[in-house]
J.: 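Okay, handing you the structure first.
Remember, it's a predicted structure, so these values are computed and weren't measured experimentally.
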Amino acid sequence: EKELLRRGLTFYDRFAQQNRENPEAAFETGKAFCRVALLQAGLGQNDEAQAAYAESILRLKKLTEQHPTQSEYFLELGKAYYGQGRLSRWWPSATDTFAQAEAALSKAVELDPQCAEAFALRSKLYYTLNENVKALTDQKVVVQLSPDDAESHKQLAVRLKQTGDIRAALGYAQETVQMAPNIPRY
């Protein structure tokens, strides 16, 4: 598994090196490092995952500096920071990492206010930080932007429960089950 990951990253890295002027190549390489970090974290290889997140962040941060109007670059940077922060949330650096995730996601939302994914991840970040009112506010936007998405309704039910609005939480939980009756986790 490690060897396969290493070869895949070598390919993406070489591809990005050969296409230095192509932002899409750099973007795909940054995303690849983030995906590898997720896989490594899932395998319990936290040091390797941290290194992969750092590589992802390095590439994506450079892209956001070179292309400050590309919301998808900020979204992916936010994902990388969030993943790194989740991996290291018991370390003192997690606070800074989560703050950087929030800044990147806020910029993504500013650039593309219709990006449900950016609002959803920022809601998840706020939920992780126990900033429940902010989490709820963002999750409401997600439901407005994606009214037919059962997962967004489920997450709104969770956020409502966290803020103490049990009645509304139950309503959204019931909607979730009605929207996706064949998914057991709902």
Side-chain angles (χ1 to χ4, degrees), residues 30-31 34-35 37-42 44 46 49-50 53-54 56-57 60-61 64 68-186:
K31 287 179 14 179
C34 196
R35 286 191 297 270
L38 282 169
L39 292 170
Q40 289 172 322
N46 290 351
Q50 283 287 5
Y53 277 128
S56 176
I57 289 166
L60 293 168
K61 192 171 181 180
T64 61
T69 61
Q70 297 296 314
S71 64
E72 64 271 17
Y73 296 169
F74 285 95
L75 172 60
E76 292 301 323
L77 180 60
K79 286 180 187 178
Y81 276 128
Y82 178 76
Q84 187 179 55
R86 290 278 298 163
L87 193 60
S88 63
R89 68 180 181 192
W90 307 121
W91 298 353
S93 66
T95 302
D96 291 338
T97 304
F98 283 144
Q100 291 166 318
E102 180 183 13
L105 293 168
S106 293
K107 185 66 175 180
V109 163
E110 175 189 320
L111 292 169
D112 183 2
Q114 300 300 307
C115 184
E117 188 178 3
F119 278 105
L121 185 54
R122 193 171 69 174
S123 175
K124 190 175 180 180
L125 170 67
Y126 289 144
Y127 180 75
T128 300
L129 297 171
N130 291 318
E131 294 183 22
N132 297 320
V133 174
K134 288 181 177 181
L136 175 61
T137 301
D138 275 1
Q139 196 60 42
K140 285 180 178 179
V141 174
V142 175
V143 169
Q144 289 174 348
L145 294 172
S146 304
D148 298 326
D149 180 53
E151 182 63 24
S152 66
H153 284 258
K154 175 189 172 245
Q155 292 304 321
L156 182 54
V158 170
R159 305 301 185 265
L160 286 162
K161 180 181 174 211
Q162 281 302 114
T163 59
D165 193 346
I166 303 301
R167 179 167 292 189
L170 284 173
Y172 278 98
Q174 289 171 338
E175 282 183 32
T176 301
V177 172
Q178 290 171 351
M179 292 171 82
N182 296 325
I183 299 179
R185 72 176 184 263
Y186 296 152

J.: May I have the list of side-chain donor-acceptor pairs in residues 109-116 shorter than 3.5 Å, sequence neighbours left out?
T.:
{"from": "Glu110", "atom 1": "OE2", "to": "Lys107", "atom 2": "NZ", "distance (Å)": "3.3"}
{"from": "Asp112", "atom 1": "OD1", "to": "Gln114", "atom 2": "N", "distance (Å)": "3.1"}

J.: Donor-acceptor pair, Ser152 side chain versus Val142 backbone, under 3.5 Å?
T.: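 No, the answer is negative, given that no donor and acceptor are paired below the 3.5 Å cut-off.
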J.: Would Tyr81 and Arg86 count as a side chain to side chain contact (heavy atoms under 4.5 Å, CB included) if you check the C-alpha gap in whole Å, the side-chain angles of each, and the deciding distance to 0.1 Å?
T.: CA-CA 9 Å; Tyr81 276 128; Arg86 290 278 298 163; over 6 Å; no
J.: Heavy atoms, side chains only, cut-off 4.5 Å: are Tyr186 and Gln178 in contact?
T.: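 No, side chains not in contact.
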J.: Search all heavy atoms of Ser56 against all heavy atoms of Gly30 and return the closest pair with its distance.
T.: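 Between these two residues, the closest heavy atoms are OG-O, 2.8 Å.
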J.: Does any part of the side chain of Glu102, heavy atoms only, come nearer than 4.5 Å to the side chain of Leu105, both counted from C-beta?
T.: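 A side-chain contact is absent here, since even the closest heavy-atom pair is not under 4.5 Å.
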J.: Drop me the distance from Lys79's NZ to Leu38's CG, to the nearest 0.5 angstrom.
T.: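 Taking NZ in Lys79 and CG in Leu38, the distance rounds to 9.5 Å.
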J.: Considering residues, nucleotides and ligands other than Lys154, do more than 12 of their heavy atoms fall under 6.0 Å from its NZ?
T.: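 Yes, the 6.0 Å shell around NZ holds more than 12 heavy atoms from other groups.
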J.: Please, which pairs that meet ring pair (Phe, Tyr, Trp, His ring centres under 6.0 Å) have at least one residue in residues 103-144, sequence neighbours excluded?
T.: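 Counting only pairs at least two positions apart or across chains, no ring pair (Phe, Tyr, Trp, His ring centres under 6.0 Å) contact touches residues 103-144.
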J.: Does Leu77 reach the side chain of Ile57, with side-chain heavy atoms less than 4.5 Å apart?
T.: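 Yes - at least one pair of side-chain heavy atoms lies under 4.5 Å apart.
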J.: Sort and list the pairs that fulfil salt bridge (charged side-chain N to carboxylate O under 4.0 Å, His left out) and have at least one residue in residues 168-183, not counting sequence neighbours.
T.: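 As it turns out, there is no salt bridge (charged side-chain N to carboxylate O under 4.0 Å, His left out) pair with a partner in residues 168-183 once direct neighbours are skipped.
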J.: Can you give me the closest heavy-atom contact between Leu60 and Ala80, atom names plus distance?
T.: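 Residues Leu60 and Ala80, closest heavy atoms: CD1-CB, 4.4 Å.
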J.: Would you give the length of the straight line joining atom NZ of Lys31 to atom OH of Tyr73, rounded to the nearest 0.5 angstrom?
T.: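 Spacing of NZ (Lys31) from OH (Tyr73) equals 10.0 Å.
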J.: Taking only residues at least two apart or on different chains, which pairs with a member in residues 155-172 satisfy side-chain hydrogen bond (donor to acceptor under 3.5 Å, both in side chains)?
T.: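 Pairs touching residues 155-172 that pass the test: Ser123-Arg159, Glu151-Gln155, Gln155-Arg159.
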J.: How far does SG of Cys34 sit from CD of Gln84, to the nearest 0.5 angstrom?
T.: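 It comes to 9.5 Å.
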J.: Run the ring pair (Phe, Tyr, Trp, His ring centres under 6.0 Å) test against Phe74 and tell me which residues pass, sequence neighbours left out.
T.: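 With sequence neighbours excluded, Phe74 shows a ring pair (Phe, Tyr, Trp, His ring centres under 6.0 Å) to no residue whatsoever.
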J.: Measure the spacing between CG of Leu87 and CD of Gln50 and express it to the nearest 0.5 Å.
T.: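 Result: 4.5 Å between the selected atoms.
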J.: Rounded to the nearest 0.5 Å, how far does CD of Gln70 lie from OG1 of Thr64?
T.: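 Between atom OG1 of Thr64 and atom CD of Gln70 there are 11.0 Å.
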J.: Can you give me the closest heavy-atom contact between Ala108 and Ala118, atom names plus distance?
T.: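 Closest approach of Ala108 to Ala118, heavy atoms only: CB-CB, 4.1 Å.
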J.: Using side chain to side chain contact (heavy atoms under 4.5 Å, CB included) as the criterion, list what pairs up with Ala103, not counting sequence neighbours.
T.: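 So Ala103 forms no side chain to side chain contact (heavy atoms under 4.5 Å, CB included) with any residue.
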J.: Given the rule in the side-chain hydrogen bond (donor to acceptor under 3.5 Å, both in side chains) test, do Thr128 and Tyr82 qualify, once you have shown the distances and angles that lead to the verdict?
T.: CA-CA 10 Å; Thr128 300; Tyr82 178 76; 3.0 Å; yes
J.: Give, for atom CD of Glu131 and atom CG of Leu136, the distance between the pair rounded to the nearest 0.5 Å.
T.: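 It comes to 13.0 Å.
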J.: Side-chain contact, heavy-atom cut-off 4.5 Å: Val177 with Ile183?
T.: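 No, every pair of side-chain atoms sits at 4.5 Å or beyond.
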